[in-house]
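What follows is a set of notes on a single structure, which appears directly below.
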Amino acid sequence: MQEFKIADQTYTSRLLIGTSGYPNFHIMTESIAASGAEIATVSMRRVKFTDTSGENLFALLRERGMTILPNTAGCFTAKDAILTANLAREALDTSLIKLEVIGDEETLFPDVEQLLSAAETLVKDDFTVLPYCNDDPITCKKLEDIGCAAVMPLGAPIGSGMGIRNPYNIQIIRDLVQVPLIVDAGVGTASDAAIAMELGCDGVLLNTAVAKAHRPVLMAEAMKKAVEAGRAAFLAGRIPRKLYATASSPQVGMIE
Amino acid sequence: MNISVNGEEKTVSPDLNIHDLLTVLEMDPTQAGIAVAVDREVIPKTEWQTIEIRENSEVEIIRAVQGG
């Protein structure tokens, strides 16, 4: 199996997992463990002075040896995303950033113009930029040319669970870019993750499909297996699709 | 003097640096995982004891939370 590498770090798992929306902190930690993911995303938000939960996500993920991938979720401009990235680097001591610049609240589709501009600034400022982007081959190519460490096109809108809506574009992106290709958003169930991997993606980033599943820990385990199975199938090489049957049993030696 | 911290108006004594402000807010300035911006500029931890907060400054103190 070829290695999965982001920047200079090699990972065994090709599943990246989000930490949001689980029924509780305990189920989140159990789900992360069951997923086998080595990279977990977090958001950067204001400290609440009234928070007495004592839950420290940063400490927990660090204790478990996870790579923490902060995002710029909720940013609608390059300016806000850049500030958030800088705060994340300072707080979490990482130059990794999942760059999100959102264009519209309802669809949460990326604002490509702002995304490219923010990516350019952050790459120049030595960030390892992993941009959440449209499943548009040209945008992905531009992001690679800017110097992003990966491209992360959406399979479908964030949290929609609609799966890989345009597998043909994902395939074209695979042909077009050399950097790791990670499907980010849209995965609803295990087969969606497997399809992404069968198309040749290097990894899958998901959150809601696990966090909001009826049994999150079990779904995390399913996602782990799906990503592994999809990767193996991609490497093995699928047979071509044909309209008509080809017998798999021998045609000679039949009883007459 | 009046400043804003995470969007809330606060009255604090003048000549306060960031380290002092965090202490006033009952936060441990040595804790890992937090970052501070003053007027949209990130202040590295190494400068928390030297940078003084001015009147009407907008201070943001952030940390990692659950996210996707």
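Below, all heavy atoms of this structure are taken into account, side chains as well, without hydrogens, waters or symmetry copies. Residue numbering restarts at 1 for every chain, and letters A, B, ... go by the order of the sequence lines.
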Would you say CD of B:Gln31 has more than 12 non-hydrogen atoms from neighbouring residues, nucleotides or ligands within 6.0 angstrom? yes
Which is it for A:Arg46 and B:Glu60 under the side chain to side chain contact (heavy atoms under 4.5 Å, CB included) test, yes or no, and what are the steps along the way? CA-CA 7 Å; A:Arg46 286 169 166 172; B:Glu60 296 285 346; 2.7 Å; yes
With a sphere of 6.0 Å drawn around CZ of B:Arg40, does it hold more than 12 non-hydrogen atoms of other residues, nucleotides or ligands? yes
Mind checking the CD1-CG spacing from B:Ile34 to A:Leu87? Nearest 0.5 Å is all I need. 11.5 Å
Heavy-atom contact with chain B under 4.5 Å, split by part of A:Arg89: neither
Quick check: are there more than 12 heavy atoms from other residues, nucleotides or ligands sitting under 6.0 Å from CD of B:Glu55? yes
Test side chain to side chain contact (heavy atoms under 4.5 Å, CB included) on A:Leu83 and B:Val42; report intermediate values, then the result. CA-CA 8 Å; A:Leu83 175 62; B:Val42 181; 3.9 Å; yes
Let me know if A:Lys98 has heavy atoms under 4.5 Å from chain B in its side chain, its backbone, both or neither. side chain
Are more than 12 heavy atoms from other residues, nucleotides or ligands located less than 6.0 Å from atom CD of B:Glu58? no
Can you tell me which of B:Ala32, B:Gly67, B:Gly68 forms the most heavy-atom pairs within a distance under 4.5 Å of chain A? B:Gly67
Could you have a look at A:Leu92, A:Thr41, A:Asn207 and say which one has the most heavy-atom pairs with chain B under 4.5 angstrom? A:Thr41
Using a 4.5 angstrom heavy-atom cutoff, name the option from A:Ala91, A:Gly159, A:Gly18 with the most pairs to chain B. A:Ala91
Hey, which of A:Val47, A:Leu206, A:Leu205 has the most heavy atom pairs under 4.5 Å with chain B? A:Val47
Does CE belonging to B:Met27 count more than 12 external heavy atoms closer than 6.0 Å? yes
For A:Asn86, is it the side chain, the backbone, both, or neither that has a heavy atom closer than 4.5 Å to a heavy atom of chain B? both
When you look at A:Asp93 and B:Lys45, which way does the salt bridge (charged side-chain N to carboxylate O under 4.0 Å, His left out) test go after all the steps? CA-CA 11 Å; A:Asp93 201 23; B:Lys45 286 186 182 74; over 6 Å; no
Proximal component of A:Asp184, with respect to chain B [non-hydrogen, under 4.5 Å]: neither
Starting at CZ of A:Phe25, measure out to CD of B:Gln66 and round the result to the nearest 0.5 Å. 5.5 Å
Assess whether atom NZ of A:Lys225 is packed by more than 12 heavy atoms of other residues, nucleotides or ligands within 6.0 Å. no
More than 12 heavy atoms of other residues, nucleotides or ligands under 6.0 Å from CD of A:Glu113: is that the case? no
To the nearest 0.5 angstrom, please state how far the CD atom of A:Glu90 sits from the OG1 atom of B:Thr46. 7.0 Å
